[in-house]
Number of protein chains: 2
Amino acid sequence: MKKNIENAICLADFLPYRLSVLSNRISRAIADGYEEKFQLTLPEWRVMAVLGEESDLSAAQVAERTAMDKVAVSRAVNKLLEADRLERHFSPEDKRRSVLALSNEGRAIYNEVIPIALGYEGKILDKLSAVEKEALTSLLDKLETIQLQA
Amino acid sequence: MKKNIENAICLADFLPYRLSVLSNRISRAIADGYEEKFQLTLPEWRVMAVLGEESDLSAAQVAERTAMDKVAVSRAVNKLLEADRLERHFSPEDKRRSVLALSNEGRAIYNEVIPIALGYEGKILDKLSAVEKEALTSLLDKLETIQLQA
DNA sequence: CGATATTAGTTTCATTCGTAACTATTTGCA
DNA sequence: TGCAAATAGTTACGAATGAAACTAATATCG
C-alpha cells in the first residue's frame with residue numbers, strides 16, 4: 001500500500017478521507033432504512049432522537065446535543081411540528097425559549113425507528129471482537145478531544 | 001455513560017453519529033485551511049488529489065477513486081478546467097472518455113495544499129501512540145469491508 | 001427607569017447537492 | 001450491416017444547506 005511519504009496523498013490511506021467515506025456510507029444506509037418509510041430526514045431524526053431521550057429541551061439545547069446548527073434545528077423542528085410529531089410551547093419565564101417534546105405520534109415513530117438505527121449499528125459492531133469494540137470506543141473518545149483549529 | 005440498553009438511543013454513544021460528527025469536524029477544519037486561500041472546494045480538492053497521484057484518469061476513474069458520484073465529478077472538473085487547474089482531452093479510441101490531468105498551475109496548487117492536508121492529519125495522528133495508530137488503521141480496514149445494504 | 005447589548009429563534013438568499021433525464025458515442029449481436 | 005443496449009459525461013431541476021440579516025424578548029448597567 002502506497003504511503004504518504006513524498007509530496008503526495010494517497011487518498012485511500014488518508015485518515016480524514018477514510019472517515020468521511022465510511023461515515024457517509026453508514027449514515028446513508030441507516031437513513032435509507034427510515035427516510036422513505038417515515039418521511040423523515042436525517043436532521044429531523046436527530047432532533048427526535050435527543051427528544052426521545054430527554055424531553056422539554058429548548059432548540060438551543062437540541063442544537064448542542066445534536067451538533068447541528070440552530071438554523072438546521074429550526075427547520076427540522078418546524079417540519080416535525082407540521083407533521084404533528086413534536087409539541088412546542090414556550091417557557092413562561094422566557095418567552096423566547098421553546099420547550100420541545102415528542103408528541104404521542106412522534107414517540108410512536110421514535111419507538112419504531114430506534115430498532116432500525118440500533119440494528120444497523122449492531123450489524124457493524126457484531127463484526128468486531130470485544131477488544132476491537134473497546135479500541136474503537138476509546139479511539140473515538142480520544143479523537144473527539146483533539147483540538148483542530150489552527 | 002448511558003448505554004443503549006433500553007428502547008432509546010444515547011446519541012453521544014451511537015457509533016454512526018460519533019463518526020459523522022468527528023468526520024465533519026475534521027473535514028471542515030482541513031477545508032478551512034485551503035478553501036479560502038485557494039478558492040478550492042472539497043470536491044475539487046478530491047479530484048485534484050487523485051490526479052496529483054495518478055494522471056490521465058477518466059472522469060469515471062476519478063469518481064471511483066474519490067467515492068464521489070459522476071455528477072459531482074463533472075461539476076468539479078468543469079470548475080477546475082475554468083480555473084486552468086486541469087487539462088482535459090478526449091481519448092482518440094473512445095471520444096466519450098475524457099483524459100484528465102493537472103495543469104502546471106494545478107500541480108503548483110496541489111503541491112501547496114498537500115502539506116496543509118497532511119499537517120492536519122499529522123496533528124491528529126501525533127496524539128495517538130503507535131499502537132493506537134495501528135488499531136485505528138486496522139479498524140478502518142475492517143469497517144470499510146462491512147456490507148450494510150439491507 | 002431607559003438605552004444598549006445579548007440571546008432565542010426565524011427568514012432570506014445564494015450555493016450546493018442528488019436524482020433523473022438527456023446527449024453523444026460505442027458495443028453487442030441478430 | 002444496423003439497431004438495441006450500454007457507457008461517458010452533462011444538464012436540469014427540486015430539495016437541502018449555510019451564512020448573514022432579521023425579529024422578539026430579556027438582561028445589563030448607567
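Here the structure is a predicted model, which means the values were calculated and not measured. The chains referred to below are lettered A, B, ... by the order of the sequence lines, with proteins before strands, and numbering in each begins at 1.
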Please state whether the phosphate of [N], meaning OP1 or OP2, lies under 4.0 angstrom from any side-chain nitrogen or oxygen of [X].
X	N	value
B:S98	D:dG9	yes
B:R97	D:dA8	yes
A:S74	C:dG9	no
A:R88	C:dT10	yes

Q. Any Lys/Arg nitrogen of B:R107 or B:E87 sitting under 4.0 Å from an Asp/Glu carboxylate oxygen of the other?
A. no
Of the candidates D:dG9, C:dT25, D:dA25, the side chain of B:R96 sits closest to C:dT25
Query - Side chains of A:I30 and B:F14 in contact at under 4.5 Å (non-hydrogen atoms) - result: yes
ask   = Are any of the side-chain heavy atoms of A:I9 and B:E121 separated by less than 4.5 Å?
value = no
Residue pair B:V71/A:K70 against DNA chain D: nearer the 5' end by closest nucleotide is B:V71
The residue, B:L100 or A:K79, whose nearest nucleotide of DNA chain D is more 5′ is B:L100
Next item on the list: Using a 4.0 Å heavy-atom cut-off across all strands, classify B:E93 as base, sugar-phosphate, or nothing.
Entry: sugar-phosphate
Inset, instruction - Please determine, by modelled atom types, if B:R75 and B:T41 share a side-chain donor-acceptor pair under 3.5 angstrom. - result: no
